[in-house]
Structures are given as C-alpha cells and as structure tokens.
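What follows is a short report on a single structure.
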Number of protein chains: 2
Amino acid sequence: MTKKNKYNIQFRIWFFAGNEKLLGIGRVELLEKIKETGSIANAAKLMKMSYRQAWQMVTEMNERSNKPLVEKQLGGKSGGGTIVTQAGLKVIDEFNKMKNKVKVFINEESKKIKL
Amino acid sequence: MTKKNKYNIQFRIWFFAGNEKLLGIGRVELLEKIKETGSIANAAKLMKMSYRQAWQMVTEMNERSNKPLVEKQLGGKSGGGTIVTQAGLKVIDEFNKMKNKVKVFINEESKKIKL
DNA sequence: ATTCGATATGTTTATTTAGGAATAGCGATA
DNA sequence: TATCGCTATTCCTAAATAAACATATCGAAT
C-alpha cells in the first residue's frame with residue numbers, strides 16, 4: 001500500500017469579544033497555568049515564554065473582555081500574584097468544551113470524505 | 001443594555017498530508033483563483049500577493065500532496081499557464097464543504113453557551 | 001522602615017518574515 | 001526563428017515580531 005490517500009484535518013477556534021480577538025488555545029493554557037500557579041511569572045515559566053509576553057497577553061485579554069478574566073494583586077510579602085476570576089474560569093471551561101465538541105465533529109465528518 | 005455578554009467564535013481548518021500542513025483557506029482561495037484565471041501570475045494579482053509568494057505556495061502544496069493539485073505548463077504563445085487538476089478540484093470542494101459544516105456546527109453550538 | 005517577590009513598562013537587540021527587484025528559461029505559434 | 005507572457009529562482013532590502021535586558025513600582029508582613 002502506498003501513501004495514504006487521505007487528509008487529516010486540524011482546526012483552531014478563537015473566542016472574540018465583538019470584533020476583537022479575545023483568546024485562543026495558547027491564552028487559555030496561559031490562564032490555566034495562572035490558575036495553577038497563582039502568578040503570571042510562574043505561569044510564564046511553565047509556558048516557556050517571557051514574563052513580558054505573558055503579561056501583555058493577560059493585559060490584553062482583560063482589556064478586551066467585558067469582565068476581567070484575572071485579578072492581579074500587587075505587593076505583599078509574597079510580592080503579589082494573579083488569580084483567575086469566575087468569569088475567567090467560565091471562559092476556560094466554555095472554550096475547552098467547544099474545542100472538544102468541534103474536535104469530535106470534525107473527526108466524524110472526516111470519515112465521510114471519500115478519497 | 002450594556003456590552004453584549006457573549007463571545008462569538010471564529011475558527012479555521014487545515015488539511016494536512018501526514019504531518020505536513022497542506023493548505024488552509026488562503027491556499028484554497030489561491031487554487032480557486034488559478035482555476036478561474038488559468039495562471040499563477042493572474043491569480044496572484046487577484047489575491048494581491050506577489051507572484052513569488054503564490055508560486056511558493058503552489059509549489060509547496062504540490063510537493064506535499066500525494067497527487068499534484070495543479071499542473072504547470074511552460075512556454076507557448078501565451079507563455080504558459082497553470083491548471084488545477086481533478087485532485088485539486090476535489091480538495092477545493094472537500095475543504096469548502098468541511099468548512100461550511102464546521103461553521104454551521106459552531107454556530108449551533110454557540111447558541112447553547114450560557115453567559 | 002525594610003524586605004520580598006511579583007507586577008509593570010521602557011529600551012534595545014536579534015530573529016523571522018515578507019516584499020520587491022531583477023533575470024533566466026521555456027516552447028507553441030505565427 | 002522571433003515573439004510573447006508565464007513559470008522559475010536568486011538576491012537584497014524592509015518591515016514586522018519576538019526575545020532579551022534593565023529597572024521601576026507596589027504593599028502586606030515582619
């Protein structure tokens with residue numbers, strides 16, 4: 001049998017707030033890491049990105065969302081930190097649900113493609 | 001009423017040949033323009049991209065696909081041209097069908113999201 | 001008041017990507 | 001065999017992105 005004569009299909013989804021891109025898989029993962037670690041700095045390390053980049057992403061998301069997705073706290077003995085809000089958790093959840101649904105759908109539909 | 005408290009969802013799909021990206025919406029449109037105009041040069045103009053870029057895309061697609069998606073012809077009074085093969089037409093069609101299905105699916109699923 | 005670690009932000013450097021220009025090659029047709 | 005417009009390809013420049021560096025700010029806890 002020669003090369004498999006079929007395509008596999010990849011996809012990405014994004015949530016938009018109005019006509020502004022709010023987030024995609026990368027930023028959702030960042031939010032998840034922030035949730036786990038309690039800070040942008042630690043989340044950035046896990047994501048192997050610079051703090052600066054992570055901070056910019058978070059700031060942009062918060063500006064574009066009608067409700068803040070994270071709350072940042074300055075100062076304190078531990079220097080501060082960042083927590084994901086209820087709205088943020090909701091977005092993470094809805095994003096992942098939608099992503100999984102689309103994945104299943106596309107997998108099913110792929111089977112139907114002849115050739 | 002304040003800002004609408006809902007996200008709209010955008011998506012993109014790509015066809016892969018093995019683990020190599022074959023094409024997405026941009027290249028499908030390029031193929032469609034080639035089909036219409038009969039040449040990469042004219043298609044590039046319509047797409048407002050350089051011939052160079054369009055040529056690279058086409059070449060890459062052909063290399064990655066198991067079957068050529070276009071056939072190029074050199075020389076001749078008209079200088080030559082490029083036609084989309086049956087396999088190419090098939091890919092265009094399948095891509096657009098899949099894209100539309102996913103669009104409908106995501107629109108339906110979006111409605112179900114509360115908040 | 002001092003400390004601490006995280007947030008906040010400007011500046012600079014490097015890397016990647018895209019764009020444009022230029023040129024050679026092709027070959028059916030007239 | 002001269003022509004014509006398209007394919008094919010290299011080279012250089014410009015622009016956009018990303019990475020790296022540096023430093024200021026914050027404020028609860030001690």
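Along DNA chain D, the nucleotide nearest Gly38(B) and the nucleotide nearest Gln56(B) are compared for position; the residue whose nucleotide lies closer to the 5' end is Gly38(B). When the nearest nucleotides of DNA chain C are assigned to Thr59(A) and Lys77(A) by heavy-atom distance, the more 5′-ward of the two goes with Lys77(A). Residue-to-nucleotide proximity on DNA chain D shows that, of Gly76(A) and Gly81(B), the 5′-proximal contact is made by Gly81(B).
Remark: side-chain polar atoms of Thr85(A) are paired, donor with acceptor, to backbone N or O of Leu69(A) under 3.5 angstrom. Between the side chain of Asn62(A) and the main chain of Pro68(A), no donor-acceptor pair closer than 3.5 Å is present.
Contact between Trp14(B) and Arg12(A) at its shortest, heavy atoms only, is CZ3-CG, 3.6 Å. Residue Phe11(B) comes nearest to Ile13(A) through the heavy atom pair CB-CG2, 4.0 Å, listed as atom of the first residue, atom of the second, then distance. Contact between Gln10(A) and Asn8(A) at its shortest, heavy atoms only, is NE2-ND2, 3.5 Å.
Distance check, rounded to the nearest 0.5 Å: OG of Ser50(B) to NZ of Lys45(B) gives 12.5 Å. Expressed to the nearest 0.5 Å, how far CD1 of Ile83(A) lies from CD of Gln73(A) amounts to 8.5 Å.
Taking a heavy-atom distance under 4.0 Å as the criterion, the stretch of DNA chain C touched by chain B extends 5' to 3' from dG19(C) to dT29(C). Extent of DNA chain D lying under 4.0 Å from chain A heavy atoms, first and last nucleotide in 5' to 3' order, is dA19(D) to dA29(D).
Side chain to side chain, Lys72(A) and Ser39(A) fail the donor-acceptor criterion of an N or O pair below 3.5 Å. Neither side chain, Ser110(B) nor Asn107(B), offers a donor N or O lying under 3.5 Å from an acceptor on the other.
Within 4.0 Å of Thr82(A), counting heavy atoms only, lie sugar-phosphate atoms of the nucleic acid but no base atom.
Aromatic rings of Tyr7(B) and Phe16(A) (six-membered ring for Trp) have centroids beyond the 6.0 Å cut-off, not under it.
Contacts with DNA chain D (heavy atom under 4.0 Å) in residues 43-52 of chain A: Arg52(A), listed by number.
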